[in-house]
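Notes follow the structure.
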Amino acid sequence: MAQAYVYRNQCQPFGICNDEKMVGYVMVIYDYDIPEYDIWHMMIDRACQGCGYAQKALKKCLEYIDTKPFGDSNRVVLTCNKENYAALHIYEKAGFSFTGEQDEEEVEMVLYR
C-alpha cells in the first residue's frame, strides 16, 4: 500500500473481495515511459484459489484500464511465474500472449485492447 501511495499519480490498488472478506489483491500501474498499463501483484489467498476470483478480478482490472485513467495506451502487460500454470491459463484465456521476455522465473505477457 505504501508503494501505491508513493505512485498514486500512476497506480491504483484493488482489494479482491468475496462479500466482506478480502481474498486477494491486485494493482494497476501506468508506465508513462513506455507507455503501457501493468497489472502487478495479482494475488489470491491460497485457501480461496480455484473459486474464480482471479478471473473476475482480471476482468474488472481490464474494465478499469479501458477507462484510460492515467493515459492513452492499449497495451497491458503483466508477469507471471512460469510454473504457475493455473494463472497462465487464466491470462491466456483472457487474450494475453507471451512476449518472449523472461526475468528469472517470471514470463512477460501482453494484451492489446
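Values below: all heavy atoms of this structure, side chains included; hydrogens, waters and symmetry mates excluded. Model, not experiment: these values are computed from the prediction.
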Can you tell if the side chain of [X] reaches within under 4.5 Å of the side chain of [Y], non-hydrogen atoms only?
| X | Y | value |
| --- | --- | --- |
| Asn81 | Val107 | no |
| Val76 | Phe96 | yes |
| Tyr64 | Val28 | yes |
| Ile29 | His41 | no |
| Cys11 | Tyr30 | no |

Look only at the side chain of [X] and the backbone of [Y], and say whether a donor-acceptor pair between them is shorter than 3.5 Å.
| X | Y | answer |
| --- | --- | --- |
| Tyr37 | Asp31 | no |
| Glu106 | Cys80 | yes |
| Tyr32 | Phe70 | yes |

Spacing of [atom1] belonging to [X] relative to [atom2] belonging to [Y], to within rounding of 0.5 Å:
| X | Y | atom1 | atom2 | answer |
| --- | --- | --- | --- | --- |
| Thr79 | Asp38 | OG1 | CG | 8.5 Å |
| Ile16 | Phe14 | CD1 | CZ | 10.0 Å |
| Met22 | Tyr53 | CE | OH | 13.0 Å |
| Leu62 | Thr67 | CG | OG1 | 11.5 Å |
| Met109 | Phe98 | CE | CZ | 4.0 Å |
| Met42 | Leu58 | CE | CG | 5.0 Å |

>> Walk me through whether Tyr91 and Lys93 qualify under side chain to side chain contact (heavy atoms under 4.5 Å, CB included).
In response: CA-CA 5 Å; Tyr91 299 140; Lys93 188 174 173 184; over 6 Å; no
> Which heavy-atom pair separates Leu111 from Gly95 by the least distance, and what is that distance?
Replying inline: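 It is CD1-O, 3.3 Å.
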> Where is the tightest heavy-atom contact between Cys48 and Val23, given as atom of each residue plus distance?
Replying inline: SG-CG1, 3.6 Å
>> Working note: Arg75 + Val110, criterion side chain to side chain contact (heavy atoms under 4.5 Å, CB included); need CA distance, chi angles, decisive distance, verdict.
In response: CA-CA 7 Å; Arg75 180 178 159 94; Val110 65; 3.7 Å; yes
Can you confirm whether [X] is buried at [atom1], in the sense that more than 12 heavy atoms of other residues, nucleotides or ligands lie under 6.0 Å from that atom?
| X | atom1 | result |
| --- | --- | --- |
| Lys82 | NZ | yes |
| Lys68 | NZ | yes |
| Glu104 | CD | no |

>> Less than 3.5 Å apart, any donor N or O on the side chain of Asn18 or Lys56 sitting next to an acceptor on the other?
In response: no
> Does the side chain of Ser73 come under 3.5 Å of the side chain of Glu36 through a donor N or O and an acceptor N or O?
Replying inline: no
>> If you apply the rule side chain to side chain contact (heavy atoms under 4.5 Å, CB included), what do you find for Ile65 with Glu63, and how did you get there?
In response: CA-CA 5 Å; Ile65 290 168; Glu63 288 171 357; over 6 Å; no
